[in-house]
Amino acid sequence: MERLWAPWRLEYVQSADELEGCVFCAAAAGDDDEFLVVHRGERAFVLLNRFPYSSGHLLVAPYRHGVNFPELDEAEAAEVHRLGAQGLAALAAVYGPDGFNLGWNVGRVAGAGIVDHGHLHVVPRWSGDTNFMPVLADVRVIPEHLAESRRRLAAA
Ligand SMILES: [Zn+2]
């Protein structure tokens with residue numbers, strides 16, 4: 001899958017080589033702007049996916065490394081759920097999508113890019129977003145720069 005107009009990508013590829021370990025742990029300890037963090041809760045936080053399926057694709061992760069969906073404790077599960085709902089509401093207010101997909105990838109075979117630090121995907125969807133550009137050209141257009149998305153969603 002290729003993406004058009006991705007000015008952040010080169011920057012990411014350059015810094016990915018330097019970044020050792022887990023990107024969620026780095027984001028948890030790092031700078032909001034650098035790691036596209038939208039909101040920090042008590043036990044979990046929300047950040048933009050650097051390789052989004054659509055504009056505003058959010059990830060909600062517990063701070064704790066080494067747990068996925070089945071291992072969340074009660075407090076983490078409740079906060080991830082609540083932050084997912086708040087992220088959905090912020091996306092609805094800022095972008096007005098037609099729907100959402102929410103889900104977890106557990107295990108590499110299921111598509112998890114980072115298997116050791118579980119996270120909930122919150123993906124806004126628009127009517128027709130699956131049957132035009134991706135199918136036609138195997139290219140997805142990401143129309144808004146991630147830094148601007150982060151700013152708008154953090155405000156919401
Ligand atoms: Zn981690």
Side-chain angles (χ1 to χ4, degrees), residues 1-3 5-95 97 99-125 129 134 140 142-156:
M1 180 69 67
E2 293 184 47
R3 289 171 179 79
W5 199 77
W8 60 87
R9 192 176 166 91
L10 180 61
E11 195 182 328
Y12 175 78
V13 169
Q14 286 168 341
S15 64
D17 288 339
E18 299 156 21
L19 188 66
E20 301 239 325
C22 173
V23 69
F24 288 98
C25 290
D31 177 73
D32 284 359
D33 289 320
E34 184 181 354
F35 289 98
L36 302 171
V37 175
V38 169
H39 180 80
R40 295 176 188 272
E42 204 177 314
R43 293 179 174 81
F45 68 113
V46 185
L47 68 166
L48 279 160
N49 189 341
R50 213 170 270 274
F51 299 101
Y53 296 129
S54 65
S55 278
H57 179 172
L58 294 175
L59 306 171
V60 185
Y63 289 122
R64 197 155 59 101
H65 184 88
V67 297
N68 207 315
F69 179 66
E71 294 91 30
L72 294 173
D73 67 27
E74 292 294 325
E76 285 167 338
E79 186 161 358
V80 166
H81 185 104
R82 186 172 57 75
L83 290 178
Q86 289 177 348
L88 191 156
L91 287 167
V94 172
Y95 293 106
F100 295 90
N101 290 118
L102 285 86
W104 297 78
N105 297 327
V106 179
R108 201 174 293 283
V109 73
I114 296 162
V115 293
D116 295 331
H117 198 135
H119 47 278
L120 168 67
H121 292 260
V122 181
V123 184
R125 303 295 303 272
D129 66 2
R140 288 177 183 162
I142 307 298
E144 188 178 45
H145 193 288
L146 285 164
E148 174 65 7
S149 295
R150 193 212 72 78
R151 191 191 61 72
R152 293 179 69 187
L153 290 166

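All residue numbers refer to positions in the sequence shown, counting from 1. Owing to the predicted nature of the structure, the values given are computational and were not obtained by experimental measurement. Indexing begins at 1, ligand by ligand and atom by atom, following the structure's order.
Residue Ala61 comes nearest to His119 through the heavy atom pair CB-CB, 4.0 Å, listed as atom of the first residue, atom of the second, then distance.
No option in Leu102, Val123, Leu91 other than Leu91 meets the side chain to side chain contact (heavy atoms under 4.5 Å, CB included) test with Leu58.
Protein contacts to the Zn ion (ligand 1) involving N, O or S atoms at a distance below 2.8 Å are Cys22 SG, Cys25 SG, His65 ND1, His117 ND1.
Between His117 and His65, the angle of the ring planes goes over 60°, which puts this pair in the perpendicular group of the 30/60° scheme. Between Tyr63 and Phe45, the ring planes are parallel. Angles under 30° get that label, and only those over 60° would be called perpendicular.
Taking the salt bridge (Lys or Arg N to Asp or Glu O under 4.0 Å) definition, one finds that Arg43 meets it with nothing, sequence neighbours left out.
Two residues are said to be in side-chain contact when any heavy atoms from C-beta on lie closer than 4.5 Å; Arg50 and Val23 fail this criterion.
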